[in-house]
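Keep in mind that this is a model prediction, so the values were computed, not measured. No hydrogens, no waters, no symmetry mates; every other heavy atom, side chains included, goes into these values.
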Amino acid sequence: SVYPIYVVYPTYDNNAANASLIANNAIYNLGNYGGTFYGIYLSSGYHTNVYHNTISQNFTSSGTSTQYGVYLSNSSGTFNIKNNIVDFKGGNTATKYGIYISSTSALAANGLQMNTVNMASNQPGTQYRTYYGTAYVDLPALRTAYPLLEANTVDVDPIFPNITRGEIEPINAAIYRTGENLTATVPTDITNAVRPTTPTIGAKEMAPPPNIDLALVKLTNPFVYCGGPEDVKIEVNNQGTQAITSFTINWSVNNVAQTPYTWTGTLPTTSSLEVTIGNFNFAPFVNHDIQFTVSRVNNTNDQRSFNDTL
């Protein structure tokens, strides 16, 4: 099994003035392994605050045991889990939990807040956002049972530019400065940068997002094809702070330029959209190289370029 952070019996004197703190940790690039995965493992003890951590399960592993982002086995009623990012894009084929709390008597009052959990593993196996006495598949399900928990949380892909290279600063505008004010306890981030009173969730503070930023997310069609005419579709996302009203995307197949695609409408900030770029007659049983590049957004240049190609 894998335990990047393993804590047993924290603050065992049950003195709130000596509360244990687990903060500003980044867990990622764990590679291939067998056994159970616990990003942060907590058992027994009292008065522990799990604040501003980033847990990314970004690698595929070959094991078949359950996986947990944050795991808490406790019933003291004194634990707080706040302002953390749990991002599952890899993992194994077993059941996966973003945050697992074995007992509904483990947390302090409203002790689960502002944790962005993205359960988007590319592996089979059931995925649960939260276990709190029972399993909840997503945020709405948890809120239905416990309206005061994660009351203002937004579950989105935090979008790390390149987590394998240690780029742990999220760039999704939806979580920019949306965290609970924990600066009295965690005044700086993992790089020692001062946190504002409206901090970014996770271990690293986020730079202000640009006004205009269209991201090319993924190819949605064709995914599997046997040749012949196919609509070519991609997903785009507005990662800037302004609504996008127009964009143009250039694309090519096997280095042959195709007719550019232009879209008009209204794409609000943080929103995604699937667009049909065009149609192409694909030869069967042949690999094709399809490339896309953002050309113009709102009749000007895109202000962040690293996500402009696909």
Side-chain angles (χ1 to χ4, degrees), residues 2-7 10-11 18-31 33 37-42 45 47-59 67-72 79-91 98-100 111-120 150 152-210 213 239 304 306-307:
V2 178
Y3 305 84
I5 297 177
Y6 183 97
V7 181
T11 322
N18 297 328
S20 299
L21 176 64
I22 301 170
N24 286 342
N25 298 286
I27 298 169
Y28 60 97
N29 281 2
L30 295 175
Y33 55 85
F37 166 75
Y38 304 88
I40 297 177
Y41 178 97
L42 296 163
H47 301 292
T48 299
N49 298 321
V50 182
Y51 292 165
H52 281 293
N53 299 284
T54 293
I55 302 167
S56 175
Q57 179 58 291
N58 57 311
F59 272 74
Q67 304 212 307
Y68 307 91
V70 177
Y71 178 93
L72 171 59
F79 280 66
N80 290 291
I81 303 173
K82 299 182 178 183
N83 287 10
N84 301 285
I85 291 175
V86 179
D87 185 31
F88 266 85
K89 291 193 176 77
I99 298 175
Y100 186 99
L112 187 69
Q113 301 292 341
M114 301 310 299
N115 301 288
T116 290
V117 179
N118 182 42
M119 302 302 294
E150 303 283 30
N152 297 302
T153 298
V154 177
D155 276 352
V156 294
D157 183 349
I159 308 177
F160 301 111
N162 194 326
I163 191 72
T164 59
R165 294 193 314 206
E167 296 178 11
I168 60 168
E169 178 182 332
I171 64 167
N172 193 326
I175 60 173
Y176 174 63
R177 293 196 174 183
T178 59
E180 182 175 326
N181 181 7
L182 303 175
T183 54
T185 307
V186 189
T188 59
D189 76 355
I190 193 172
T191 67
N192 209 33
V194 175
R195 291 191 184 272
T197 55
T198 52
T200 296
I201 293 164
K204 192 174 189 305
E205 278 298 313
M206 177 178 166
D213 181 24
Q239 294 177 8
R304 185 158 54 188
F306 86 89
N307 53 13

Quick one: do the [X] and [Y] side chains pair a donor with an acceptor below 3.5 Å?
X: His52; Y: Asn83; result: yes
X: Asn172; Y: Gln239; result: no
X: Asn118; Y: Asp155; result: no
X: Ser20; Y: Thr11; result: yes
X: Gln57; Y: Asp87; result: no

| query | Can you check side chain to side chain contact (heavy atoms under 4.5 Å, CB included) on Thr200 and Thr178, steps first, answer last? | reply | CA-CA 6 Å; Thr200 296; Thr178 59; over 6 Å; no
Spell out, as yes or no, whether a donor-acceptor pair under 3.5 Å connects the side chain of [X] to the backbone of [Y].
X: Asn49; Y: Leu21; answer: no
X: Glu150; Y: Met114; answer: yes
X: Asn162; Y: Glu167; answer: no
X: Glu169; Y: Ala207; answer: yes
X: Thr116; Y: Val154; answer: yes
X: Asn115; Y: Ile81; answer: yes

| request: Can you label the angle between the Tyr3 ring and the Tyr38 ring as parallel, tilted or perpendicular, going by 30° and 60°? | output: parallel
Please report the shortest heavy-atom distance between [X] and [Y], naming the atom on each side.
X: Ala203; Y: Thr54; result: N-OG1, 2.9 Å
X: Tyr51; Y: Asn84; result: C-OD1, 3.6 Å
X: Tyr68; Y: Phe88; result: C-CZ, 4.2 Å
X: Thr164; Y: Asn29; result: O-ND2, 2.8 Å
X: Pro170; Y: Pro158; result: CB-O, 3.4 Å
X: Ile22; Y: Asn53; result: O-ND2, 3.0 Å

| Given the rule in the side chain to side chain contact (heavy atoms under 4.5 Å, CB included) test, do Ile99 and Val117 qualify, once you have shown the distances and angles that lead to the verdict? | CA-CA 8 Å; Ile99 298 175; Val117 179; 4.0 Å; yes
| Residue pair Phe79 / Leu42, side-chain heavy-atom distance below 4.5 Å | yes
| field | Test salt bridge (Lys or Arg N to Asp or Glu O under 4.0 Å) applied to Asp189 - qualifying residues, sequence neighbours left out | value | none
